[in-house]
Peer 1: 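So that we are looking at the same thing, I have put the structure below in structure tokens.
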2 protein chains.
Amino acid sequence: MKDRMRIGDLSERAGVTQRTVRYYEKMGLIPPGEREGNGQHYYTDETVARLRKIDQLKKLGLSLEEIRDVIDLYFMDPSGVQPKQKVLGILKQHLAETDQKIEGLQQFRTDLLNHIDRFEQWLKDAEQH
Amino acid sequence: MKDRMRIGDLSERAGVTQRTVRYYEKMGLIPPGEREGNGQHYYTDETVARLRKIDQLKKLGLSLEEIRDVIDLYFMDPSGVQPKQKVLGILKQHLAETDQKIEGLQQFRTDLLNHIDRFEQWLKDAEQH
DNA sequence: TCCAAACATGACGTTAACGTCGTGTTTATA
DNA sequence: TATAAACACGACGTTAACGTCATGTTTGGA
């Protein structure tokens, strides 16, 4: 529950490298946090959450550019957003895409099971002399 | 139903570029098909099917290297394979990975639904004056 | 206060999956 | 048979998403 950590702490908690943090910062995926004149950057728990969210989205196959376009939706309360309907639209579109991907994977899974069955069947047949 | 096409025909049917065909050929994803001394490569309908399968697998997030390790499984009958147990192992490992991905996606889906709910709730509350 | 550990920044390197170009050969059609 | 279209092959280019130095500054504990 720290609310003022530096990059080492942050990257360790989020499970990414410092290089990645700096890269995302430059790419606009996480907000910058500099302090006065010393040059060091300070981050909060929300940054950890953002990094984890980014990781999730990456695993879904989104590029960093795509993520940058939607990441903010996950970190603002609805009362602060002006074009709420638009945001809702994007979220629903993401839901549809996710369902598509799940369906594709399940189809793939079925294919895999069929192949496994075929192999096991062959092994069993060959086994009984 | 051609069984002897050249690269132009092949790439058009499979919906990939000629460069991609040559790249996959060099990477061992599709079998080479040269003819005598003329230098030109000839392909069959199966190559079209392979290219389409590769595209499917790519959309699931598999790398070309991962695909190369499994693509043959879709295009040979089990009776022709020597190390059947090994192949079975690979298939089962892919099954496990697929299950992992599906689980991740479903978690993400749940998150999405929660966010959507929050937005819709807010809109409904704001609506009644 | 001193000094090792942590941080900042710039620059060059790396991998995957192709794109693009140049040049030379093969095929197919008028 | 001539010649444009298709093909082969090598080589260099490109983008994303970082990794890996190198070098200089800041922090925090003995």
Side-chain angles (χ1 to χ4, degrees), chain A residues 2-45 47-48 50-71, chain B residues 2-45 47-48 50-71 94 97 101 104:
Chain A
K2 284 193 133 189
D3 208 31
R4 183 173 178 69
M5 48 188 140
R6 294 188 301 170
I7 198 169
D9 214 353
L10 172 69
S11 62
E12 193 177 351
R13 286 191 183 202
V16 300
T17 67
Q18 303 190 5
R19 179 67 170 88
T20 298
V21 172
R22 297 207 177 93
Y23 182 63
Y24 288 178
E25 205 168 337
K26 182 172 267 182
M27 293 295 109
L29 286 161
I30 58 177
E34 223 149 322
R35 197 214 172 186
E36 281 117 67
N38 61 358
Q40 305 224 357
H41 296 211
Y42 291 87
Y43 308 89
T44 73
D45 283 335
T47 318
V48 179
R50 283 182 82 103
L51 286 172
R52 296 210 174 115
K53 195 70 191 177
I54 291 171
D55 205 49
Q56 267 190 34
L57 295 174
K58 279 193 58 182
K59 284 179 180 163
L60 299 181
L62 298 195
S63 69
L64 292 189
E65 193 181 353
E66 291 172 312
I67 293 173
R68 183 181 49 197
D69 292 343
V70 300
I71 185 70
Chain B
K2 284 194 131 188
D3 208 29
R4 182 172 179 69
M5 46 188 140
R6 294 188 301 171
I7 198 170
D9 214 352
L10 172 69
S11 61
E12 192 177 351
R13 287 192 183 200
V16 300
T17 68
Q18 303 190 5
R19 179 66 171 87
T20 298
V21 172
R22 297 208 177 92
Y23 182 64
Y24 288 177
E25 206 168 337
K26 182 172 265 181
M27 294 294 109
L29 286 161
I30 59 177
E34 224 151 322
R35 197 214 171 187
E36 282 117 66
N38 63 357
Q40 305 224 359
H41 296 212
Y42 291 88
Y43 308 89
T44 73
D45 283 334
T47 318
V48 179
R50 283 182 81 103
L51 286 172
R52 295 211 174 116
K53 193 71 190 176
I54 290 171
D55 205 48
Q56 266 189 37
L57 296 174
K58 279 192 59 182
K59 284 179 180 165
L60 298 180
L62 299 195
S63 69
L64 292 188
E65 193 182 353
E66 291 172 311
I67 292 173
R68 185 182 48 198
D69 291 343
V70 299
I71 186 70
H94 270 255
E97 286 169 15
K101 283 185 186 174

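None of the values given here were measured: they were computed from a predicted structure. By convention in this document, chain letters (A, B, ...) are assigned in the order of the sequence lines, proteins followed by strands, and residues within each chain are numbered from 1.
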Peer 1: Nearest whole angstrom, please: distance from the P of D/dA17 to the CG of A/Asp55.
Peer 2: 13 Å

Peer 1: Find the distance B/Arg4:CZ to C/dT27:P and express it as a whole number of Å.
Peer 2: 10 Å

Peer 1: Please state how far atom OH in A/Tyr42 lies from atom P in D/dT26, giving the value in whole angstrom units.
Peer 2: 11 Å

Peer 1: Is there a side-chain contact between A/Arg6 and A/Tyr42 (heavy atoms, below 4.5 Å)?
Peer 2: yes

Peer 1: Starting at NZ of A/Lys26 and ending at P of D/dA17, how long is that distance when rounded to a whole Å?
Peer 2: 15 Å

Peer 1: Go through C/dC7, D/dA17, C/dT9 for me and flag the one nearest to the A/Leu64 side chain.
Peer 2: D/dA17

Peer 1: Give the residues of residues 14-24 of chain B touching DNA chain C, defined as any heavy atom closer than 4.0 Å, sorted by residue number.
Peer 2: B/Thr17, B/Arg19, B/Thr20, B/Tyr23, B/Tyr24

Peer 1: Please report, rounded to the nearest Å, how far the P atom of C/dA8 is from the CD atom of A/Gln40.
Peer 2: 5 Å

Peer 1: Can you list the residues that meet the side chain to side chain contact (heavy atoms under 4.5 Å, CB included) rule with A/Asp69, with sequence neighbours excluded?
Peer 2: none

Peer 1: Here's a test of your reading of the structure: between B/Ser63 and B/Arg6, which maps to the more 5' nucleotide of DNA chain C?
Peer 2: B/Ser63

Peer 1: Grab the two heavy atoms, one from B/Asp45 and one from B/Asp3, that are nearest each other, plus how far apart they are.
Peer 2: N-OD1, 3.8 Å

Peer 1: Please state how far atom CG in A/Asn38 lies from atom P in C/dT9, giving the value in whole angstrom units.
Peer 2: 10 Å

Peer 1: Tell me: CG of A/Leu51 to P of D/dC18, nearest whole Å?
Peer 2: 11 Å

Peer 1: Return the set of residues passing side chain to side chain contact (heavy atoms under 4.5 Å, CB included) with A/Arg50 (not counting sequence neighbours), or none when no residue passes.
Peer 2: A/Ile30, A/Pro31, A/Glu46, A/Ile71, A/Asp72, A/Phe75

Peer 1: B/Gln18: what forms a side chain to side chain contact (heavy atoms under 4.5 Å, CB included) with it, not counting sequence neighbours?
Peer 2: B/Ile7, B/Ser11, B/Arg22

Peer 1: Measure from the side-chain heavy atoms of A/Ile7 and tell me the nearest of D/dC9, C/dC7, D/dC18.
Peer 2: C/dC7

Peer 1: Mind checking what makes side chain to side chain contact (heavy atoms under 4.5 Å, CB included) contact with A/Tyr23, not counting sequence neighbours?
Peer 2: A/Arg19, A/Met27, A/Leu64

Peer 1: Can you list every pair that meets salt bridge (charged side-chain N to carboxylate O under 4.0 Å, His left out) and has a residue in residues 54-65 of chain B, with sequence neighbours left out?
Peer 2: B/Asp55-B/Lys59

Peer 1: Between A/His41 and D/dT27, is there a contact of a side-chain N or O with OP1 or OP2 at under 4.0 Å?
Peer 2: no

Peer 1: Round to the nearest Å and state the distance from B/Met27 atom CE to C/dA16 atom P.
Peer 2: 9 Å

